[in-house]
Amino acid sequence: MESLGAFLKSRRDRVTPDAIGLRALGNGRRVPGLRREELAQLAGVSAGYYTRLEQGRAETASEQVLGALARVLRLDAAETAHLHDLARHSPTPRLAEPPAEEPHRRVLALLESLGEATPTVVLGRRGDVLAWNRSGHALLAEHIAFEAPDDPERRPSVPRMFFLDPATRDLYGNWHALARVHVAYLRLTAGRYPTDVRLAGLIGELTMRSDDFSALWAHRDVADCTTGTMRMRHATVGALSVDYQVWLQPDSPDHRLEVYTPNDPGSADALRVLARQGRRCADPPHDGRSSGTPSDRDGRSRWRGLRGPARPGGTGVVGPHC
């Protein structure tokens with residue numbers, strides 16, 4: 001994943017002496033940012049100790065030292081949290097299979113209470129779709145089967161879709177800006193869960209299969225993913241602009257409920273069209289004819305879909321799906 005020393009060096013390289021009011025003597029600097037001894041002096045630690053810390057030869061760092069380094073390096077809240085996460089864990093963690101992720105019953109109740117008016121998705125720690133309502137599914141991935149989140153081994157993976165699925169890439173007019181956020185949040189998550197073998201596998205797969213991901217990962221950016229804007233080119237409703245906001249879940253701190261709201265009247269109309277489409281898929285017809293999946297008809301799975309056979313590739317069936 002990432003070591004504390006590698007992260008410190010990447011941030012040290014970004015801070016110039018001029019930026020922090022440090023007078024640079026001479027023209028013979030061989031580093032793009034601060035020297036180790038300069039950072040150590042400003043943080044109030046010995047140059048030898050800081051060198052051992054960056055090289056992975058120091059066993060621990062106190063909260064005070066980490067706070068001083070974060071201050072000098074001008075880390076934001078997400079970067080500071082990442083620094084502390086890296087310091088808490090072994091530089092060579094032993095990877096392990098994590099428990100299967102299941103959305104908590106309270107978040108599913110909240111998802112159902114939102115109905116179809118607000119597109120909503122529940123995401124796991126690795127960006128897997130754990131659940132969605134029909135309008136959320138139609139907004140983000142109408143080419144994937146609605147019931148795909150029901151199979152833990154074949155759940156749609158938002159990072160994989162973003163970097164490996166051409167249909168998802170074409171959906172976003174501001175794909176590059178959103179891609180940077182996805183990668184930076186994935187790095188933050190990797191610091192929190194350094195032993196998650198599935199997370200390590202996801203990062204390795206994307207690094208090997210996507211040049212865009214590999215280039216962004218090399219930047220070592222760290223960011224939380226809480227709010228933002230998506231400019232979309234939707235196959236069904238056309239151009240629209242929506243804001244996303246993340247609701248953290250107290251019962252499952254590494255799960256996120258993400259909701260999408262329109263930025264203008266035209267986008268609001270587009271979301272209403274998707275909501276009507278979702279209600280048609282979810283509600284049985286009034287004339288007694290069969291419609292939808294069995295789980296839709298008996299009311300057991302109006303927001304997730306029914307369990308079905310695994311589909312190759314983990315992204316469901318191509319083509320519009322209720």
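- Counted by atom type alone, Asp243 and Thr229 present one or more donor-acceptor pairs between their side chains at under 3.5 Å.
- At a cut-off of 3.5 Å, with distance as the only test, a side-chain donor of Asp165 or His143 sits close to an acceptor on the other residue.
- Listed for the Asp224 side chain is no donor-acceptor partner under 3.5 Å among the backbone atoms of Thr226.
- Not counting sequence neighbours, the partners of Asp269 by the side-chain contact (heavy atoms from CB on, under 4.5 Å) test are Arg272.
- Inter-residue side-chain proximity for Val158 and Asp128 is flagged as unmet; no heavy-atom pair is nearer than 4.5 Å.
- A ring-centre distance under 6.0 Å is found for Phe163 and Trp175.
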Margin query: Is there a side chain to side chain contact (heavy atoms under 4.5 Å, CB included) between Val246 and Leu257? Walk through the geometry before answering.
Written below: CA-CA 6 Å; Val246 172; Leu257 187 142; over 6 Å; no
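- Taking hydrophobic clusters as Ile, Leu, Val, Met, Phe, Trp and Tyr residues chained together by side-chain heavy-atom distances below 4.5 Å, Leu248 does not share a cluster with Val107.
- For the residue pair Ser10 / Asp13, no side-chain donor-acceptor distance below 3.5 Å is found, with atom types taken as modelled.
- Side-chain polar atoms of Thr236 and Glu142 form a donor-acceptor pair below 3.5 angstrom.
- Of the possible polar contacts, one joining the Thr51 side chain to the Ala47 backbone as a donor-acceptor pair under 3.5 Å is found.
- Under 4.0 Å is where a charged nitrogen must lie from a carboxylate oxygen, and between Asp221 and Arg187 no such pair does.
- Residues passing the salt bridge (Lys or Arg N to Asp or Glu O under 4.0 Å) test with Asp170: none are found, sequence neighbours excluded.
- The distance between the ring centers of Phe162 and Phe213 does not fall below 6.0 angstrom.
- A salt bridge is defined here as a Lys NZ or Arg NE, NH1 or NH2 lying under 4.0 Å from an Asp or Glu carboxylate O, and Glu101 with Arg126 meets this definition.
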Notebook entry, point to check: Under the side chain to side chain contact (heavy atoms under 4.5 Å, CB included) criterion, do Val15 and Ile20 qualify, and how do the steps go?
Noted result: CA-CA 8 Å; Val15 180; Ile20 58 175; 3.7 Å; yes
